[in-house]
Every structure is written in structure tokens, then in C-alpha cells.
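The structure under discussion appears below in the form of C-alpha cells.
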Amino acid sequence: MKDLLWLIPALPLASATLLILGGRLMSPRIVAALGVGSVGAAAICVLLTVLQWQGAPLESQLWTWMQVGELSAGVSFYVDGLTLVMLSVITGVGFLIHLYSAEFMAGDESYARYFAYLNLFVTAMLTLVMADNLLLLFFGWEGVGACSYLLIGFWHFDAANGAAARKAFIVTRAGDAAMALGLFLLFAEFGTLDIQAMSAAAGERWEVGNPTAVLATALLLGGAVGKSAQLPLHTWLPDAMAGPTPVSALIHAATMVTAGVYLVARTHELFLLAPPTLLAVAIIGLLTLLLAAFAALCQHDIKRILAWSTISQIGYMFLGLGVGAWGASVFHLMTHAFFKALLFLAAGAIIHCLHHEHDIRNMGGLRTRLPLVFISFLIGAAALSALPLTSGFYSKDLIVLAAFEAPVAGPWLWAGAVLGAFLTALYSFRLVFVVFFGRTNTLPDRQPGPGMATPLAVLCAFALVGGWLGVPVSNVFPEAETGHAALWVEVISIGVPLLGLGLAWLLFLGRGLDAGDLVASPPGQALYGFWHAGWRVDGLYDWLWVKPYMGLAALLRSEPVDRLYGAVVGLCRLLHRALSNSQTGRLRQYGTVMVVGVIVLLNIVWRAAG
Amino acid sequence: MDGLQVPMEHVLGLASLLFAMGLTGLMVRRNILFVLMSLEVMLNAGALAFVSAGAHWGQPDGQVVFMLILTVAAAEVSVGLGLVLQVQRRFQTLDVDNATRLRG
Amino acid sequence: MSGVNWWAIAPLLVLSGGAVLLMLLVAARRDTPLSWITTALILAAAALSCLPAREAIPQAVTPLLMADSYALFFTALFAICGLVTVIVSHEYLGERHGENEEFFLLVLLSTLGAVTLAYANHFVALLLGMELMGVSLYALIGYPDKLELPLEAAIKYLVLSAAASITFVFGFALLYAAVGVLDYPGIGAALASADNPVLLASAAMIVAGLGYKLSVVPFHMWTPDVYEGAPAPITGFLAAVSKGAIFAALLRWWMASGLYELPGLLTLVALVAGASMLVGNLLALLQDNIKRVLAYSSIAHMGYLLIVLVACGLVADPHLAKEAAAYYLVAYSLTSLAAFTLLGLLSRASGSKELASLDDLTGLFWRQPGLSLLFTVALLSLAGIPLTAGFVGKFYLFSAGVAGSLWGLLALLVIGSAIGLYYYLRMVYRMTLAGDAQPAAVERPGWPARLTCYGLVLAMLYLGIVPGPLMEILRTIL
């Protein structure tokens with residue numbers, strides 16, 4: 001099986017190449033078959049690998065580009081339990097979303113381009129998780145970033161989409177820069193970027209709390225925060241919803257945005273040596289999950305609600321990482337991929353059937369009109385809210401309990417997480433009640449076809465029972481101490497989502513409290529506006545970064561810097577002319593130059609020797 | 001050793017002078033034939049230096065190299081004269097200053 | 001001479017025997033295709049004879065020659081380059097009327113000179129190899145004797161090259177006067193104790209002589225004229241084999257004699273290297289003639305290569321630097337050979353006699369997509385774009401420079417490469433422009449030439465994508 005590992009990223013890559021080169025000549029059927037089939041085949045390869053897996057990490061050296069001095073660059077894969085989880089999610093969920101896309105995007109004039117980008121994304125993401133060294137990982141990391149950019153701006157004829165794509169690219173770039181610095185630092189420190197070798201060397205060379213370790217992990221965390229849309233670099237994700245909905249499901253919910261979680265988990269041995277960074281991970285996670293949950297509560301755009309909820313759920317994963325619940329975080333990553341992909345695909349189905357309507361205030365009463373979508377959405381929301389027995393319940397519960405047992409500020413972290421769980425249930429069921437119950441505002445003009453229904457059904461099953469699948473990561477991470485929390489802690493953790501559900505019932509089905517009244521009151525209005533704008537972080541950044549940058553750009557419009565470059569170019573031209581004129585083609589002059597050259601050399605030697 | 005002993009430095013000095021003369025000829029003569037002759041002068045300056053150095057160290061190597069240089073010079077000149085013939089035929093002159101079509 | 005295993009110099013024997021054979025053949029029967037095939041077979045046999053020769057090394061064959069893996073490696077490289085030149089020359093000579101058999105004989109002799117240089121371990125072998133290679137090249141450059149440009153190029157090359165050789169000989173005479181030995185190891189031993197002002201002069205003159213052959217500043221003036229005037233295959237041969245052989249010989253001498261101990265020599269080489277990188281690239285910058293652009297860029301490439309010599313003199317363990325030099329030479333030889341060959345083929349295929357100016361390239365991509373693509377790869381490799389041999393070579397050089405802490409030279413390398421990017425990509429850009437709607441009469445080059453070009457380009461890409469095997473070989477033999 002080890003010899004077939006290379007096939008996993010190679011299949012989508014081959015398909016992407018074909019689609020880019022010849023996509024225009026192919027009929028849509030062939031394009032879809034190629035795009036969906038390649039990811040499906042990759043998924044089968046992953047399945048075979050999982051079935052034959054013995055528990056030991058698989059290593060596969062594919063190609064060493066070059067080895068000069070200490071630096072070795074090449075393609076080699078390292079596949080352990082963690083990687084397998086990621087591989088299964090990427091190819092499995094990825095396949096379903098490709099299948100869904102085949103119908104969702106039907107009739108789009110850039111059908112082949114869409115599948116080429118999507119396949120390319122899958123390739124890059126697979127490279128990212130299979131890489132055995134940070135250099136290759138970074139390559140995949142930038143690859144997914146580029147594909148994300150291309151897909152957010154897929155409908156680039158609308159300027160707003162282009163702006164959203166640029167924003168995503170630029171904001172994540174800030175994180176990537178930090179990450180690149182971290183890589184340089186680690187390479188300077190250990191002379192290798194091989195993750196396993198580096199982890200081993202770090203354990204020997206650094207004691208816990210070593211300042212270099214803290215700095216290096218903090219820089220890596222910068223990259224993770226950018227890619228996973230955590231505070232303070234979370235602002236790009238809600239805007240990224242400008243892309244096609246399946247893209248949001250695959251890239252901006254199920255896979256790419258969890259790359260930051262993967263990075264921290266993959267280098268956990270470094271993070272364990274840097275407790276301050278680890279604490280920062282937990283705090284970032286907690287703040288993000290709360291902030292995003294409040295923001296999700298006050299959105300109207302169905303995709304933006306889901307986007308904020310994604311940020312919030314990744315906050316849970318970060319919290320889990322920060323408190324050392326590695327396995328639980330990866331578990332939540334997997335279940336989240338199931339139910340969030342389900343929610344996005346269901347939302348996509350609604351949008352598809354409602355003539356591109358995004359605003360939930362214009363929806364309502366869809367329970368009977370789109371029953372399959374309703375069931376899917378209900379299951380997804382239940383799992384998102386971590387209602388008992390759904391997949392989200394198992395994973396989130398583990399994280400919340402681990403937070404309680406965290407050595408530093410455990411109860412506080414727990415309380416925040418529980419508040420977040422309450423809010424999650426509240427906004428999830430607000431969505432369900434507003435969209436599917438009440439008065440019908442817009443009539444759907446079609447029903448999702450089999451290509452969209454099948455992925456929904458499969459994902460429903462996974463969102464329900466995915467919690468019973470284990471994640472085989474016990475060999476990857478250090479054993480967590482499993483103390484049993486007090487009963488009241490467990491009861492509250494389990495009960496709070498039900499409370500949220502109840503409140504949502506009261507508020508949004510109009511049986512008691514009226515949400516409209518709450519919002520209409522002056523403090524309510526202020527808070528609503530504030531949260532609707534995502535805590536006005538965008539405004540803050542606009543004022544803090546964008547405005548000064550624009551000002552500087554305006555200042556430089558007279559091109560003082562360009563003039564400097566112009567001077568360099570002019571100098572080069574001048575020197576070129578002068579030197580060219582010396583090439584007169586006269587033999588005797590050439591001879592003279594040689595003689596002068598010899599004399600000059602003699603002079604230099606004479607002087608050098610004193 | 002009997003007879004006149006010339007110090008190596010003097011012979012090297014003479015060789016250098018010959019070499020410089022040859023170089024000067026290379027720079028100032030316009031007729032290719034004379035340029036080739038200047039090259040011969042330079043080559044012989046090198047050969048002379050080798051002979052004197054060989055004598056100084058009491059080795060036959062210097063003279064062996066001299067023979068070798070003679071051979072090399074013969075080869076160079078034969079090809080050189082062949083080219084001179086062609087130059088005369090194409091350009092109707094032996095003035096090297098006329099051959100300046102390749103430039104820039 | 002008892003106990004000599006003749007296998008150790010098998011390539012030399014094959015080449016010289018082959019030259020005699022070819023001469024007899026031509027005397028008996030003038031038949032261009034026959035002598036073409038014979039020459040190709042002899043060169044292939046010479047390259048292949050390196051394989052059995054490996055069993056007999058290392059061995060000193062007379063004090064003049066040193067048969068070791070270094071010699072065999074470069075012998076194979078030069079023989080292959082010679083073979084490529086011969087194969088594609090047939091295409092070039094195809095339409096020329098008259099006697100072409102001697103052309104192949106001259107290539108054979110010139111390659112023999114280059115191989116001698118790879119083996120040279122003594123002044124006499126060095127001089128012999130250099131002159132054998134050089135004198136054959138005079139004739140090769142001026143071979144199309146009905147044309148004016150080759151003749152002008154030949155006369156310039158002859159006069160200046162001879163002057164440089166003589167300067168080198170004179171410098172060596174001074175060295176001999178100072179140390180009293182002519183073989184490399186002996187020179188090394190004597191240099192350690194010698195302290196003579198004559199040494200200073202000899203160092204400067206030796207640098208001048210060899211610097212001319214490598215075409216580095218300030219001995220570079222001849223390069224563009226000769227490159228432009230010579231037939232395209234011979235220009236490629238000149239760039240790949242002639243410079244490569246001189247550098248290989250210089251590197252061996254440099255290491256075997258510890259030449260960098262000569263006072264002031266390191267400074268000289270560093271200055272020459274820096275000036276070459278800068279001047280070469282600047283001269284190429286806005287040049288309109290393609291062959292001249294490549295000529296000027298070759299000046300810069302030789303400047304890059306000289307970094308290695310400086311690094312060798314400064315670091316305790318010169319292995320990395322030697323590997324870098326060898327890798328760069330292989331990459332550069334293949335690439336420049338491919339570039340000039342393709343230029344020749346493209347010229348023929350485009351109908352015009354020679355693609356001369358940059359304007360002739362306009363739209364070439366649409367008229368000759370296959371060959372243009374190959375030419376583009378060669379240009380990218382020269383520019384040092386990743387995944388080509390040129391990039392790996394440059395990266396290797398860079399590492400060697402870093403090991404020697406040569407920050408000034410490395411800065412010039414980076415600046416030079418940046419300028420280089422401009423003029424290489426300018427050519428690629430020109431080719432992709434929309435050109436004349438009406439293509440000239442297209443003439444497909446023969447299959448041996450096309451196959452050779454594909455082989456060269458594939459080798460370039462292979463060395464860029466999978467450089468590991470060659471690096472491993474270099475590591476074991478150097």
C-alpha cells in the first residue's frame with residue numbers, strides 16, 4: 001500500500017492538469033466524470049490504505065529534488081493516524097462535494113475551470129497533510145491558499161467577489177509570513193525541516209519553556225491563525241462566502257480552514273515545549289469561539305451565519321489543542337467536517353432552489369416544500385449544537401471536559417466553552433426555525449436532483465453516527481490524563497445546548513418571547529448592529545491598516561520610489577551603451593584591451609603582494 | 001661549467017623585452033602578415049625564457065618545451081597563413097582594420 | 001613504460017586512432033555521409049571507452065597525464081558534446097557545396113585536445129591540449145570559406161587566441177624559472193617554499209592567458225564577434241567544449257598545485273569573476289543579435305563559475321566547490337550546446353539562413369511550436385529557472401560561495417542573474433508574440449538533429465528535476 005501513496009495526490013493532480021490543458025474541448029459530462037472520478041479514485045486509495053493499515057506510520061520517499069549541504073528538498077510522505085484522518089476527510093467529504101458540484105454548477109460557462117481549481121485544491125491539501133517536512137507542507141499550504149483565492153473569486157466578473165478573494169489572500173498572507181519566519185528559525189536551529197527528526201531534536205535540545213521554542217511556535221501559530229480564521233486574522237472567512245457554495249463547504253468549512261489545527265497538531269511536540277504558546281492557543285480559541293458565536297447570532301445571510309459558525313467551531317478545536325486534548329480536537333475536526341459540509345450543502349440546495357436567495361428573512365416555511373433539505377439541515381444543526389447522540393456531541397463534549405481539567409484557568413475556559421455551546425444551539429436553531437418554519441416567503445422553483453441529494457443523504461448519516469467512529473491517533477499524541485470530571489460539570493455541559501434550543505424555540509417560533517422586541521430596544525439595537533458587523537473588527541482593521549496603507553499609496557503616487565528604480569534601469573542602460581560602444585569589432589583595439597588588462601592585473605598583483 | 005655564464009635574470013629580461021615588442025606589434029601593425037610575425041616574436045620570447053630557465057635549473061625540460069613550442073608555432077602559422085590567403089581573396093586587402101563587420 | 005594499463009587512456013587512443021583512420025578514409029574516398037557516420041561512431045566509442053577505463057584508474061600515464069575518475073568524467077562529457085556537434089553539423093553543412101569531410105576531422109581533433117586537457121597533469125600536456133583544440137577551432141570557425149563573417153571571426157580568434165596562448169606560455173616560463181618543475185604536484189611542492197617576485201608576474205600572465213580562453217573580463221572582447229561569425233554548431237562547441245575543457249584543466253591544476261597559494265592570485269580571480277558577471281550581463285542587456293546575447297551571457301556564466309575557484313582557495317574542504325563546478329559545467333555545456341543547436345535548426349526551419357536579430361524571433365512560437373518550446377527550455381535553463389539544470393547548477397554554486405563566505409561575489413551573482421532574467425525572458429517573450437500570418441517555407445530538420453535536441457532538452461530537465469543521481473556520482477568521484 002505504501003507504494004500507492006503517491007497515487008492519492010497524483011490522481012487529482014492529473015485530472016486538474018488535463019482539465020486546465022484541454023477542459024475547453026471537453027463536454028461537461030466528461031469534465032464532471034474526470035473531476036469527480038479522480039477524487040473518487042483517490043478516496044478509494046485512501047480507503048484501501050486505511051483498511052490495510054497496521055498502525056505504524058507509513059513513510060514514502062518519492063523524489064529528492066536536491067540535497068546540497070544540509071538542505072534537502074524533495075517530496076516524501078509520512079502517513080500516520082492523524083494524516084489518515086485528514087486524508088479520509090479530504091477525499092471522502094471532498095468526493096461528496098465534487099459530486100454535489102457536478103449538479104450545482106451545471107450550466108456554468110466555466111465548468112471545466114471550476115473542476116480544475118477544485119481538483120488542484122484537493123491535490124494541494126493532500127500534499128499539505130501528507131508532507132513529512134515543513135517545506136513541502138508549506139508548499140501545499142500556499143497551494144491551498146492560491147486555490148482558495150481562485151475559487152472565492154470564481155465569479156470574478158462581479159467586482160465584490162474579486163475584492164473578497166483579495167481580502168482572503170492578503171489577510172492569510174500576514175499569517176503565512178509569520179509561518180515562513182518560523183520555518184527559517186526552525187531550520188536555523190535544527191538544520192532540518194523534517195517534522196519527525198525536528199520533533200526528536202527539539203525534545204533533546206530544548207527544555208520546556210525555552211524562549212526559542214516559544215518564539216518558533218508562536219510564529220507557526222501565526223500561520224495557523226491566518227489559515228484557520230482565528231482571532232485576530234479571522235476577518236476574511238465571512239467574505240470568502242462569495243465563492244460557489246460547494247467551495248465554501250469544501251474549502252472554507254471542511255478542509256482548508258482546519259489546516260491550522262492540523263499544523264499545530266502535527267508539530268505538537270514543539271508546542272508541548274512552549275507552554276506560553278499553548279496557553280495562547282487556548283485563549284485565542286476561546287475568544288474566537290465566543291466572538292464568532294455572537295456574530296453568527298446577528299447575521300441574515302445564511303452562508304455568513306455558517307461561516308461565523310465555522311470560525312466558532314474551529315475556535316473549539318484550538319481550545320482543545322491549547323488544553324492538550326489533541327485527540328479530541330482532531331475528532332472534532334472530523335465530525336465538524338461532516339456536519340458543516342452537510343449544512344453548507346443543504347444551504348447550497350436552498351440557494352439553488354430559491355433563485356440565489358441568501359437572506360433568511362426572505363425564506364420560511366420550507367419544511368414541507370424541501371423536505372430532504374429540511375431533514376439534512378435539522379441533522380446538521382443538531383450535530384452543530386452538540387445535541388446528545390449526534391456526532392458533534394461526542395467530540396465537543398470531550399473538548400469541553402478537557403478544558404475544565406486544564407492546568408491553567410480550567411474552570412474559566414470551561415465556562416466560556418459552555419457559553420459558546422449555548423450560543424451555538426441558539427443560532428443553529430434560529431436558522432432552522434426561521435428558514436423552515438413559519439410563513440412561506442419565497443417558493444422554491446425546483447427540487448434538488450439526485451446528484452445533490454445523494455451527498456446530502458450520505459453526509460446526514462455521517463453527521464449522525466460519525467461520533468461512533470474513533471480517530472486512530474492514540475499513537476500520535478501523548479496520552480492525556482483522563483480524570484473524571486464531577487457529575488455537575490458533565491450535566492451542565494450536556495444540558496446547555498438543550499437550553500439554547502429551548503430559547504431559540506421561545507424566540508423564533510414566537511411562543512413567548514419576541515425576538516423583534518429585543519432587537520428593537522436601544523441597547524439591543526446597538527448590540528445587534530455591533531455583532532452583525534462582526535464586532536466591527538473589519539472597521540477597526542480598515543482604520544488601522546487599510547486607511548494608512550491607502551494614504552501611503554496616495555503619497556507614493558508621485559512615484560518617488562519608482563524614480564529610484566528608474567535610475568537603476570537608466571544606469572544599466574547607460575553602462576550597456578558605454579560597454580557596447582567598446583565593442584568596435586577592431587582587432588587591434590581588442591588586442592590593446594588585452595594588453596592593458598595584463599598590465600592592470602600585474603599592477604594589482606604587485607600591490608596585493610605589497 | 002666553462003665559457004660565458006649569462007645569468008638567468010638577464011635572459012628573462014631579454015625575453016620580456018621581445019615579448020613586449022611582439023605585443024606592441026600586435027597593437028600597432030595593420031597588416032595581418034606582420035601581426036602574425038609579431039606573434040612569432042612573442043612565441044619565441046616564451047621559448048627563450050623556457051630555455052634559459054631550463055639551463056638555470058640544469059634540466060633538459062626547458063629545451064624540450066622549446067621544441068614543442070616550435071611545433072605549435074608551425075601549426076599556428078600554417079593555419080594562420082591559410083586564413084590570410086582567404087582574407088586576401090575575400091577582402092582584397094590584408095588590412096585588419098577593414099574586418100569590422102562583426103561589432104556592437 | 002612497463003606496467004602501464006593502456007585501458008586507462010583508452011579514450012585518448014580511440015580518438016587519436018580514429019583521427020588517423022578518418023584521414024585515411026577521406027584520402028581514399030570523399031563521401032560526406034560516410035565520414036559523418038564514422039566520426040560519430042568514433043566519438044561515441046570514445047565516450048563508451050570511459051566505462052572499461054574505470055577499471056584501470058587511478059593511474060599516472062607518464063608524468064604528463066593523470067588518468068583518474070575526474071579525467072574520465074570530463075572525457076565522457078566532452079566526447080558526448082563533440083558527438084552532438086557532429087550530429088547536428090551534418091544538418092548545417094547539408095546545403096553547403098564542396099568538401100565537408102575535413103570539418104568532421106577537425107571536430108574530432110578538437111575534441112581530442114579537450115580530452116587531453118581533462119587528463120593533463122603537466123604543462124606540456126596542458127599546452128598540447130590547448131593548442132590542438134585551439135588550432136582546430138580556427139579552421140572550424142572559418143570553415144564556410146565563401147562567407148565573410150566566419151572568415152573575419154576566424155582571423156580575430158586566431159590572432160587573439162594565439163596571443164593569449166603565448167601570454168600563458170610566457171607566464172608559465174616565468175613560473176618554471178621560479179620553481180624549476182613543470183608537473184602539477186611538483187609545482188605545488190615547490191610553491192610552498194618559493195618566494196620570488198617573478199611569481200607575481202607569472203600569476204598575472206597565466207590568469208590573462210587562461211582568462212582569454214574562458215572569455216572573462218578584460219579578455220572577453222573577442223567573444224561576441226567570434227560567436228556571431230562562427231557556424232552555429234561550432235559556436236555551441238566553442239561554448240561547451242572549449243571553455244569547459246579549459247576550466248576542467250584549470251580546476252585540476254588549481255587543486256593539484258595549490259595554485260591559490262600564489263600571492264595575489266585569489267584577489268585577481270575574484271576581481272575578474274566579479275567584473276565578468278557585471279560586464280557580461282550588462283553587455284547582453286539590450287543586445288539585438290541573438291548570438292551576441294548568448295555570447296555576452298557566456299561571459300557572465302564564466303564569471304559565476306570562477307566563484308568556485310575562489311571558494312576552493314578559501315575553504316578547508318573544497319569538495320563542495322569542486323562538485324559545484326563540475327555540476328555547473330555539465331549543466332552549462334548541455335544548455336549552451338542545446339541553445340546554439342536549436343538556434344541553428346530554427347534558422348534553417350524558418351527559411352532564412354541565420355536567425356540573426358531579436359526581431360527574427362517574433363512569432364516563432366506559432367510557426368515552429370516544437371523547436372521553439374525546446375529553445376525556451378534552454379533559455380530558461382540559462383536563466384536559472386527552477387526545475388532546469390541551470391537552476392540546480394547555480395544553486396550549487398551559491399552554496400559553494402556561501403561556504404566560502406564570498407558575500408560580495410554572491411551579491412554580484414544575484415544582481416547578474418536578475419539582469420540575465422531580463423534578456424533571456426525578452427527572447428521568450430518575443431517568440432510568443434503574434435507574428436507574421438504567412439509563415440515562410442517550413443523545412444523540417446532531419447531526425448538525427450531533432451532527436452539530439454530532444455535528448456539535450458530532456459537531459460536538462462532531468463538534471464533539473466532529479467539532480468540527485470549526478471550529484472551522487474560527483475560526490476564519489478571528486
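The sequence lines fix the lettering, A, B, ..., with proteins before strands; numbering per chain opens at 1. Because only heavy atoms are used, hydrogens play no part in the values below, and waters and symmetry mates are left out as well, while side chains stay in.
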Applying a strict 4.5 Å limit to non-hydrogen atoms, the region of Val466(C) in contact with chain A is both
Honestly, the part of Ala324(C) sitting under 4.5 Å from a heavy atom of chain A is neither
For a 4.5 angstrom cut-off between non-hydrogen side-chain atoms, does Val596(A) reach Pro218(C)? no
Max heavy-atom pairs within cutoff under 4.5 Å with chain A, candidates Leu387(C), Asn281(C), Leu282(C), goes to Leu282(C)
Are the side chains of Tyr422(C) and Val569(A) in touch, meaning some heavy atoms are under 4.5 Å apart?
no
One should read off an interatomic distance between Ile419(C) CD1 and Cys572(A) SG, to the nearest 0.5 angstrom, of 4.5 Å
Distance col, row Met205(C):CE vs Leu602(A):CG, nearest 0.5 angstrom, shows 6.5 Å
Looking only at heavy atoms, the pair that brings Phe219(C) and Met594(A) closest together is CE2-O, 3.6 Å
Among residues 268-275 of chain C, those lying within the under-4.5 Å heavy-atom range of chain A are Leu268(C), Leu271(C), Val272(C)
Next on the checklist: Evaluate Asp225(C) against Tyr590(A) for side chain to side chain contact (heavy atoms under 4.5 Å, CB included), listing each step before the verdict.
Outcome noted: CA-CA 11 Å; Asp225(C) 294 7; Tyr590(A) 291 3; 2.7 Å; yes
Correct closest heavy-atom pair for Ala208(C) and Leu601(A) would be N-CD1, 4.3 Å
Listed by number, the residues in residues 573-585 of chain A that come under 4.5 Å of chain C (heavy atom to heavy atom) are Arg573(A), Leu575(A), His576(A), Arg577(A), Leu579(A), Ser580(A), Ser582(A), Gln583(A), Gly585(A)
